[in-house]
Amino acid sequence: MFHASNQSDKPKYYALIEFPYPSGQGLHVGHPRSYTALDIVARKRRMQGYNVLYPIGWDAFGLPTENFAIKNHVHPKLVTAQNIARFKQQLLSLGISFDWFREINTTDPQYYKWTQWIFLKLFEHGLAYKKEMAVNWCTSCKCVLANEEVVNGGCERCGSEVVRKTKSQWMLKITEYAQRLIDDLELVDYPDRVKAQQRNWIGRSTGVQAKFATTAGDTVEIYTTRPDTMYGATYMVISPEHPLLKVWQDKLSNIEEILAYQEAASKKSDFERTEVAKEKTGVELKGVRAINPLTQKEIPIFVSDYVLVSYGTGAIMAVPGHDTRDWEFAKKFHLPIVEVVKGGNVEQEPFTENQNGTMVNSDILNGLTVAEAKKKITAYLEEKGIGYAKVNFKLRDWVFSRQRYWGEPIPIVHCDQCGHVAVPLEQLPLELPEVDSYEPTDNGESPLAKMTEWVNTVCPKCGGPARRETDTMPQWAGSSWYFLRYMDPHNQEALASPQALQYWAPVDWYNGGMEHTTLHLLYSRFWNKFLYDVGIAASKEPYAKRTSHGMILGENGEKMSKSRGNVVNPDDIIREYGADTMRLYEMFIGDFEKAAPWSTASIKGCRRFLERFWNLQELMTAEEELSPQLESAFHRAVKKIGEDVETLKFNTAIAALMALLNDIYDCGAVTKGELRLFTVLLNLFAPHICEEVWERAQLGDGMVCRQQWPAYDESKCIDKTIEIAVQVCGKVRCRLEVAADIDAAHAIAAAKASEKIAAELAGKQIVKEIYVPGKLVNIVAK
RNA sequence: GCCUGAGUGGCGGAAUUGGUAGACGCACAGGACUUAAAAUCCUGCGAGAUUCAACCCUCGUGCCGGUUCAAGUCCGGCCUUAGGCACCA
């Protein structure tokens, strides 16, 4: 019924919500908050003459389905199909104007064929690579997690402990796009908090990478954001995993102690390692020392787990006078602390302030400000060949392998002769084979590894024996490009036709949850940028505008969950109050962008409002015009509702409709023209009842949702008379009814003429008279 | 520690650029209708003092201070709280 065409004379509008994961629990009351909001926008755009694309689909790969399948010995395909059927029926009952002709499903081979195709493109461009590395391993899911999926050292999904494990993994080089992912935030309209969170996650820092010579005759590279403090570097720290330890092992007299420390560090979980309040530990290397390139002094080298191997060079110069961690470490190990920036007392506490401060004890830098010193020393280090300016990011490459069944197979073949070879494009989709058991294997491999017939294949390159990759892709794969598939969902030849991609891109308005800011939102921006670079996606950024809805909490103000017993089932609400009431309530519940507690008691108000609207039919007169008493109220309402929908203020838009309805009841009658206009306005929020009233009261041809969005007349938004406040010295003393177009002189005169004000001013001298048009008069008197 | 937000009645929440604080709704109280209840309709509903009653008055948007004729809104300093990041050099 709401079918978007890829060819139209109308301007296009692409509204998008995050497609749901069809879980076994069915729709959550949180889903409709987002869907109804953009449904309102989509409906308004259609009425405003746009060709609107508002699609829906299913992000259906994932662990809960797989776990359910394991437990109940059913194929996840079947579980998925059942869940989708339930979700679909629930969404249909809400009357969301999705384009169901474009429904997609990430687990459909015709869909994941293109997910695999994109992976091979990434592989072809060197952005997908396999690497032996320490990864985050969820002990409960028996699966590798991306950094983005680890929350407080626990699994984002199940909360279980995450440990480090060395495994060979497929990685995606998202770091290649780090700078552009930051820069291009300038091109899009996202909430500041979303942009800030993404920048924070990517974590750009500027500094210097420099070489420190050692007494072993080689060098250690360090990274620092404070090259200005290099004269104060009194020791050096390398991470326990640093490769130089192996190189130096024969020279180190305390190698046993170091290896023991290394061993202990490797056993710690992520959670333990990143615990903040932890006391610093470490071991000094006996036998190798470094040389501060500026002071030429020999300084000790320590190994400590407060330096991470995965960031920078895995080694730092330690400046205890001006870094909190170095200071703590120096105090514990009684290392010298040298002040190089004046302003604090470095014996008492580190002086980390880097705005104001003058360099001291720093030879060529003495007397400079920190900023000047940074510039000068960077140039100096470059000139001497000691170091160079370098930008670093906290963002790591994306661990893309999962050792699970229910995901897209990674279309790669391992050949002893040719290495990693792409499955030829014409063999896509590489479908998931049937397996007997979906359980991961004991050694942490995917259940696919047991499918020897499937695993053993021939190399596409040399024809020799080869093995298929048995890892699958993470759940994020399918959702990283789905907005492109919607543009042309049935295309067999390409992920979408160039014309469709050109026509619809970018998504004009994308609404979703804050929880996806550093996961899905970042991943899909990355994929879109890559696809843009290879000439497929038509816009640099996938989403022109992003908004975020707040969570709907339980009645007790806590997050809804089964264990808390505060879950509200949308089916129950729809059954008892109807879909329109449900939609209206979720939009009226509060500020759209903030979390709001559910209140079943408050729903009644929305239901009552709709009943009062329904009963207007009995008050309807045959007149077409707006009645003089209500004309300005209607014009104001059209204006307000139009504006509020654009700024996500659905709650006040509905309040305006309620106020307008109260005004109509005060008049005791409604003209046909008024009811028509009211129905048109309300139809965005409550489509079912409005279509019904539209037809029964014979308000017009066709359906309400096909009408034009009404215009308002600015000049008619104003009443003939208005009430202004009269203040004396800023305190309201009375209110006056005056003509709306009254000028300052007359307004002030009218104010003074009132008995109350005259009495108030008696015997006082007027100092100042202020008139704020349409608002108030303020008389200042002594 | 750093980065974002947010603190307003019994409750959810309103309040362009500083300009009548509490829109709209819920709950509650009183009344009408009814044999009765539900539903519906009408009225009231921040706190305090005063009054037979009403008007009027005083206070009031987390706390302290400031700017202004005028501050929920702007500035400075705190407190509390939610979300994100975090031994990131």
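Just so it is clear: chains get the letters A, B, ... in the order the sequence lines come, proteins before strands, and each one is counted from 1. In this text the structure is predicted, and so the values were computed from the model without any measurement.
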*Asks:* Among residues at least two apart in sequence or on other chains, which ones pass salt bridge (charged side-chain N to carboxylate O under 4.0 Å, His left out) with Lys211(A)?
*Replies:*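 Lys211(A) satisfies salt bridge (charged side-chain N to carboxylate O under 4.0 Å, His left out) with no residue once adjacent residues are dropped.
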*Asks:* Looking at the side chain of Arg733(A), which of rA89(B), rU58(B), rG19(B) is the nearest nucleotide?
*Replies:*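 Closest nucleotide among those given: rU58(B).
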*Asks:* So what's the dot-bracket for RNA chain B: Watson-Crick or G-U pairs under 3.5 Å, [ ] if a pair crosses, | if it pairs off-strand?
*Replies:* (((((((..(((......[....))).(((((.......))))).(((........)))..(((((..]....))))))))))))....
*Asks:* Treat primed atoms plus P, OP1 and OP2 as sugar-phosphate and everything else as base, then score nucleotides 70-75 of chain B 5' to 3': B for base contact with protein heavy atoms under 4.0 Å, S for sugar-phosphate contact only, - for none.
*Replies:* ------
*Asks:* I'd like the C1' distance from rG25(B) over to rU80(B), given in whole Å.
*Replies:*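 These two C1' atoms come out 28 Å apart once rounded.
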*Asks:* If you only use heavy atoms from C-beta on, which nucleotide in rA89(B), rC87(B), rG19(B) is closest to the side chain of Thr224(A)?
*Replies:*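 Selected nucleotide: rA89(B).
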*Asks:* Has the side chain of Lys756(A) got a donor or acceptor that lies under 3.5 Å from a partner of the other kind on the base of rC56(B)?
*Replies:*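 For Lys756(A), whose side chain was compared with the base of rC56(B), there is no donor-acceptor pair (under 3.5 Å).
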*Asks:* Would the Trp598(A) and Tyr585(A) ring centres measure less than 6.0 Å apart?
*Replies:*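 Yes: the rings meet the under 6.0 Å criterion.
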*Asks:* Among residues two or more places apart or on two chains, list those pairs meeting salt bridge (charged side-chain N to carboxylate O under 4.0 Å, His left out) that have a residue in residues 729-738 of chain A.
*Replies:*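 As it turns out, the salt bridge (charged side-chain N to carboxylate O under 4.0 Å, His left out) pairs with a partner in residues 729-738 of chain A, which skip direct neighbours, are Arg733(A)-Glu760(A).
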*Asks:* Provide the distance between the two C1' atoms, one in rG22(B) and one in rA47(B), to the nearest whole Å.
*Replies:*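 Result for the C1' pair: 13 Å, nearest Å.
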*Asks:* In terms of side-chain heavy atoms, does Arg396(A) have a donor or acceptor partner in Ser310(A) at a distance below 3.5 Å?
*Replies:*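 Arg396(A) vs Ser310(A): donor-acceptor pair found between side chains.
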*Asks:* Reading RNA chain B from 5' onward, which residue's closest nucleotide shows up sooner: Ser205(A) or Ile654(A)?
*Replies:*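 Closer to the 5' end of RNA chain B: Ile654(A).
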*Asks:* Kindly point out which of rC85(B), rU20(B), rC41(B) is positioned nearest to the side chain of Lys394(A)?
*Replies:*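 Nearest to the side-chain atoms of Lys394(A), counting from C-beta on, is rC85(B).
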*Asks:* Could you write nucleotides 2-14 of chain B as a row of B, S and -, 5' to 3', where a protein heavy atom under 4.0 Å of any base atom gives B, of only sugar-phosphate atoms gives S, and otherwise -?
*Replies:* -SS-------BSS
*Asks:* As a test of reading the structure: which of rG25(B), rU40(B), rC69(B) is closest to the side chain of Asn662(A), going by heavy atoms?
*Replies:*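 Within the option list, the nearest is rG25(B).
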*Asks:* Side chain of Arg608(A): nearest nucleotide among rC57(B), rC69(B), rC26(B)?
*Replies:*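 The listed nucleotide nearest to Arg608(A)'s side chain is rC26(B).
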*Asks:* For atom P, what is the distance between rA82(B) and rA29(B), given to the nearest Å?
*Replies:*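 Rounded to whole Å, the distance is 34 Å.
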*Asks:* Please tell me which of the listed nucleotides, rC87(B), rG19(B), rA89(B), lies nearest to the side chain of Ile316(A)?
*Replies:*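 Comparing rC87(B), rG19(B), rA89(B) against the side chain of Ile316(A), the answer is rA89(B).
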*Asks:* Return the value, rounded to whole Å, for the distance between atom CZ of Arg396(A) and atom C1' of rA86(B).
*Replies:*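 Going from Arg396(A) (CZ) to rA86(B) (C1'), I get 12 Å.
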*Asks:* Side-chain donor-acceptor pairs under 3.5 Å in residues 657-670 of chain A, sequence neighbours left out?
*Replies:*
| from | atom 1 | to | atom 2 | distance (Å) |
| --- | --- | --- | --- | --- |
| Asn662(A) | OD1 | Arg612(A) | NH2 | 2.6 |
| Tyr665(A) | OH | Arg612(A) | O | 2.8 |

*Asks:* Return no unless some side-chain N or O of Lys604(A) is found under 4.0 Å from OP1 or OP2 of rA27(B).
*Replies:*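 True: Lys604(A) side-chain N/O within range (under 4.0 Å) of rA27(B) OP1/OP2.
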*Asks:* Tyr235(A) and ring-ring contact (aromatic ring centres under 6.0 Å, His included): which single residue from Phe329(A), Phe212(A), Phe333(A) fits?
*Replies:*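 Only one option passes, and that is Phe329(A).
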*Asks:* Go through the steps to decide whether Leu553(A) and Met560(A) satisfy the test side-chain contact (heavy atoms from CB on, under 4.5 Å), and finish with yes or no.
*Replies:* CA-CA 5 Å; Leu553(A) 306 169; Met560(A) 274 192 199; 6.0 Å; no
